[in-house]
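By convention in this document, chain letters (A, B, ...) are assigned in the order of the sequence lines, proteins followed by strands, and residues within each chain are numbered from 1.
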Amino acid sequence: MLKGHLDAIVLAALEAGPAHGYAIIETIKSRSAGAFDLPEGTVYPALHRLEQAGLLSSAWTPPPGGRRRRVYSLTKAGTAALAEKRKAWGRFSQAVQTSLGGGRAWPA
Amino acid sequence: MAGVIDDYVAALRRELDFDPPLAQRLASEVEDHLRDAAEADPAWPSADAERRAVGRFGLAREIAAQFAADAVDRQARRAWVTLGVTVIVTFVAMRLRVMWLDDNAMAALAPLIDRYAFIAALAVGVVGWFAFRRSFMTQAICLGGLVASVGAGIVRADLFAQGAPVHVLVAAAAEVALLGLLAFHVVGLGRRLRRTASLRR
């Protein structure tokens, strides 16, 4: 189930600013309080897919006194896609919540 | 002596052999990730810290399989776009040939193959677009139909022997070039599908 939403979760993790793969995984883990315990490598196919789709851009950056890292950032299209995915998720989750009997009537 | 991370990165590189530039890029990226993860482990520096970092990362084969599946989708898209353009160009070239030819001069079999192989390719393509977008077989059948149609069209018009107008020859050349490109993409799709299947075994 998580896999179907991984692209949106990765986009959201990059909303605060550019980050490399390891930092993205750490953000996802901390935001979900460890609930999203997916293999860390899973994020790389998602990053590559999103970059191919033009939703992310990436570049190698040499950090001062450290290893060089490939850093990803949201593109304009990525920001728009994230907003769209948020709306779609909001509608979907509300509908499920209502169907399960725990929320207000849908559509609101 | 190579460490756990080095071995893992080498294995990942091997599994990604279907896309050497991706393998090269990802090897550096994953190595950075694993070294960050190992250094964050309380047992660092040790082989155990590296092993735990690799364990959390997931199996190289499974990660390569995800990349391979994405590669299949991209290759299928390329093949479909090429197929669409080829169908349009073939149709236009066919019409140009018919307009140029004297209908009475046509041989019996070639026009039938020209027309019905094209229609068959179009029909299979339409069904495939709606139901079998990642299918190698659909693309291969369409390619076969179009090759038969274009071949029959060239024979029908006897383009090599008669003094055909330039626009008819240019259209035929475009058809043949697009068929070559389509064949290249269809073969690529088959190769990527086989690689994905082998990674998932």
Practice task
Could you check which of D36(B), D70(B), L12(B) has the highest count of heavy-atom pairs closer than 4.5 Å to chain A?
Solution key: D36(B)
Practice task
Could you have a look at A23(A), P39(A), G41(A) and say which one has the most heavy-atom pairs with chain B under 4.5 angstrom?
Solution key: G41(A)
Exercise for the section: Check each atom of R74(B) against the heavy atoms of chain A and say whether the ones under 4.5 Å are side chain, backbone, both or neither. Expected result: side chain
Problem - Short N-O contact, R49(A) and D73(B), less than 4.0 angstrom - result: no
Completion exercise
Bottom line for E26(A): the part with an atom under 4.5 Å from chain B's heavy atoms is neither
Handout entry: Engaged part of L34(B) at the chain A interface, taking heavy atoms whose separation is under 4.5 Å
Key = neither
Exercise for the section: Would you sort out whether L74(A) and L55(A) count as a side-chain contact (heavy atoms from CB on, under 4.5 Å), showing the intermediate values? Expected result: CA-CA 6 Å; L74(A) 278 181; L55(A) 305 183; 5.9 Å; no
Handout entry: Electrostatic pair R70(A):D32(B) at N-O distance under 4.0 angstrom
Key = no
Exercise for the section: Taking only Lys NZ, Arg NE, NH1 and NH2, and the carboxylate oxygens of Asp or Glu, determine whether R25(B) and E51(A) approach each other closer than 4.0 Å. Expected result: yes
Practice task
Decide if atom CZ of R56(B) counts as having more than 12 heavy atoms of other residues, nucleotides or ligands within a radius under 6.0 Å.
Solution key: yes
Handout entry: Chi angles and distances behind the salt bridge (Lys or Arg N to Asp or Glu O under 4.0 Å) call for E39(B), R35(B)
Key = CA-CA 6 Å; E39(B) 283 168 17; R35(B) 298 217 181 278; over 6 Å; no
Practice task
With a 4.5 angstrom heavy-atom cut-off, could you sort out which part of L26(B) is near chain A: side chain, backbone, both or neither?
Solution key: side chain
Practice task
Tell me, out of Q52(A), E40(A), H20(A), who's got the most heavy-atom pairs with chain B below 4.5 Å.
Solution key: E40(A)
